[in-house]
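Let me begin by presenting the structure, written as structure tokens, before commenting on it.
Here is the naming used below: chain letters follow the sequence lines, and residue numbers restart at 1 for every chain. In this text, all values refer to a predicted model and were calculated from it rather than measured experimentally.
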There are 2 protein chains.
Amino acid sequence: MAVGRVWAAAGARRRGKSDTGLAGMALPAGSGAPLAGAAAVALLSAALVLYARSPDAVLQRAFSLHKAHSIMDMENKLQLVRNIIPPLTSQKHKGQDGRIGVVGGCQEYTGAPYFAAISALKVGADLSHVFCTREAAPVIKSYSPELIVHPVLDSPSAVRDVEEWLPRLHALVVGPGLGRDDTLLENVKGILEASKARDIPVVIDADGLWLIARHPALIQGYRKAVLTPNHVEFGRLSEAVLRDPGDGSDHREAVRRLSRALGNVTVVQKGERDVISDGEQVLECVQEGSGRRCGGQGDLLSGALGVLVHWALRAGPEKTNGSSPLLLAAMGACSLTRQCSWQAFQKHGRSTTTTDMIAEVGPAFRSLFET
Amino acid sequence: MAVGRVWAAAGARRRGKSDTGLAGMALPAGSGAPLAGAAAVALLSAALVLYARSPDAVLQRAFSLHKAHSIMDMENKLQLVRNIIPPLTSQKHKGQDGRIGVVGGCQEYTGAPYFAAISALKVGADLSHVFCTREAAPVIKSYSPELIVHPVLDSPSAVRDVEEWLPRLHALVVGPGLGRDDTLLENVKGILEASKARDIPVVIDADGLWLIARHPALIQGYRKAVLTPNHVEFGRLSEAVLRDPGDGSDHREAVRRLSRALGNVTVVQKGERDVISDGEQVLECVQEGSGRRCGGQGDLLSGALGVLVHWALRAGPEKTNGSSPLLLAAMGACSLTRQCSWQAFQKHGRSTTTTDMIAEVGPAFRSLFET
């Protein structure tokens, strides 16, 4: 299904839109053994059967093994993502499928933590908490009665207040709508330290990454962390950690280097393609999204990732088949976000906003992972 | 209709989903005389006619008399629930079909009292009040203009403030979004005492049950109380009241014991099946719901129960046919909540939230009780 969509996307792009989505892909760093030609041919034949209405488009691309590799690699990972999704059964109790906390929400920003927290719920978490400043709380609460919102982030007892809830949380998303107020960032440092001490997985985005760029030691070597920088944030992190942001020509290598320098923290570089690495393997998410770049899409990604990281870590190695759980979670969340973007764009075009994308989380999840 | 749905559920489960929903049901404690085989055969025949597309599924279950008993028992009670629903006539005045109060809403929790209060309205109450803390009030008001919200729960005069409204209320739902702040809990103790003194029915859920676990005497022997514990809350109550939570193997007996120890307060243990007892009879709600366990579902139940308890008590014995009004109300509210969950899940799958369920209250009510 997902493979089909990507090949369909290739056809569609060729027929008039940007032609760069699937171009220039390199071999996955982790796939030492090149895929057998037979496998690629089989994949391409399947694509031909599925999308016979644009055989020229498919044929024209048939000889780019790189593309086939990236797509097959993504599809293999998505199959593993399907494995880690917990079954919905009537024996379960509230909370078992995920209690996620979002740390962010300040004077300027209230939408971002809402987007992250509601996305976590719609992906399938049972409970979603937001830890924000006192004044941001009533606004974030008013967006949705589904969220549990704690007005504590600018309190002198912020770290203790959040720490009290940590035993009840499965994952923390740090950064959406956090801002750069020094007091808040200081509190978030304490919250990160407390989360690490409890071995709680953390997804770090937005101004959470600003904090990491200033204090990389906060996250150094913590294998349960995922960073989700966009172009600018990635440059800032690379500059801070490597003192050399590179020339930007080789995204895959740049992401791998940054991850490795941070002690194999998982890094998701969001962009035209999302590049994901744990310092060893490098994956690319080539799921078709849209050209719309409205604010808030990254919050959807980080909230979804919070849930998927929890599910992937809990699933155990027999479900992840030796793959890094965090890489799988990242591939799942990137694919989902792009699929939401694609679906919303079909309906709303240029007027698409993140709210429209969030309305697509259910159907997008189903089409990617439950068929 | 409801019977049909349950049998359809059995078939659907067998065709690929969890097979435990209807399994392992014991005979209702109140049904001393086993049902005649003829009745079971008639029921099964009807199911076969209705769901001829999965006759194998139905046949495979045909010889489990236990299941047939539980389903028929539930259907009999639902018939009585239909009896207690007040007719809508043009002679009525505002308020006659129910003025419900919800006590809860604090610093962290604002969604829960909203869910309970709006559910009461959507089930058919005429007016829905929320008594919450000062700061929670504007947020809860912002969720819906339908609610009357009193910012009094953390006031030094909280008990007196709520007491003033009690003469105008038909039932109180205590606990949704209450939290565990000592001052609030102390105020709620006073409100409970005042409600008992006025013989007002009370539904107690969430942190209202935390309070009861600490002070069981608050509710001891009050026959107009219904407690709605989930798995964790039930364990806490059993530990507090019985000093022995049991081994969890016999839900029915555990619920009956707790109810009896509390002086025949009605207890609704929410779970895979909802087990309901007044210390004498034990009922099970086997209406199909969904595997989704997002926060807020229990608030829908408690709000619906507030209305149904009022209706059941007002209906009188000729309508309830000798059944306990509170047991009937509980069976009605549990069935309704599960039907909402089922309907919402058909549309939204894993992304279902309580808001989606509340949107189904009207159609679910109609399909269960008005056909």
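In this structure, A/F369 CZ and B/R350 CZ are separated by 11.0 Å, a value rounded to the nearest 0.5 Å. To the nearest 0.5 angstrom, B/R293 atom CZ is 12.5 Å from A/L127 atom CG. Rounding to the nearest 0.5 Å gives a distance of 7.0 Å between CD of B/Q107 and NZ of A/K141.
Atom CZ of A/R168 has more than 12 neighbouring heavy atoms from other residues, nucleotides or ligands inside a 6.0 Å radius. Other residues, nucleotides and ligands contribute only 12 or fewer heavy atoms inside 6.0 Å of the NE2 atom of B/H231. Residue A/Y109 places its OH atom among 12 or fewer non-hydrogen atoms of other residues, nucleotides or ligands, all under 6.0 Å distant. More than 12 heavy-atom neighbours from other residues, nucleotides or ligands sit within 6.0 angstrom of CD on A/E370. For A/R160, the CZ atom sits in a loose shell: 12 or fewer heavy atoms of surrounding residues, nucleotides or ligands are nearer than 6.0 Å.
With a threshold of 4.5 angstrom between heavy atoms, B/Q297 does not approach chain A through any atom at all. With a threshold of 4.5 angstrom between heavy atoms, A/S128 does not approach chain B through any atom at all. In this structure, no portion of A/A137 lies under 4.5 Å from any heavy atom of chain B. Neither the backbone nor the side chain of A/Q96 comes within less than 4.5 Å of any heavy atom of chain B. Contact of B/S142 with chain A is made through the side chain alone, with heavy-atom distances under 4.5 Å.
The stretch residues 175-185 of chain B places none of its residues near chain A, where near means some heavy atom under 4.5 Å from a heavy atom of that chain. Contact residues of residues 304-311 of chain A toward chain B are A/W311 (heavy-atom distance under 4.5 Å).
Contacts with chain B were tallied for A/L147, A/V123, A/I148; A/I148 has the most, counting heavy-atom pairs under 4.5 Å. The candidate with the highest count of non-hydrogen atom pairs below 4.5 Å against chain A, out of B/T353, B/V232, B/T110, B/T352, is B/T353.
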**Report entry** Audit row: B/R292, A/D126, side-chain contact (heavy atoms from CB on, under 4.5 Å) steps and yes/no
**Finding:** CA-CA 8 Å; B/R292 185 74 170 115; A/D126 286 346; 3.3 Å; yes
Requested in this report: Could you walk me through whether B/N230 and A/H93 pass the side-chain contact (heavy atoms from CB on, under 4.5 Å) test, one step at a time?
Outcome: CA-CA 8 Å; B/N230 63 20; A/H93 304 301; over 6 Å; no
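For the residue pair B/K347 and A/R366, the shortest heavy atom distance occurs at O-NH2, 4.0 Å. Between A/L88 and B/G291, the shortest heavy-atom distance links the atoms CD2-O, 3.8 Å.
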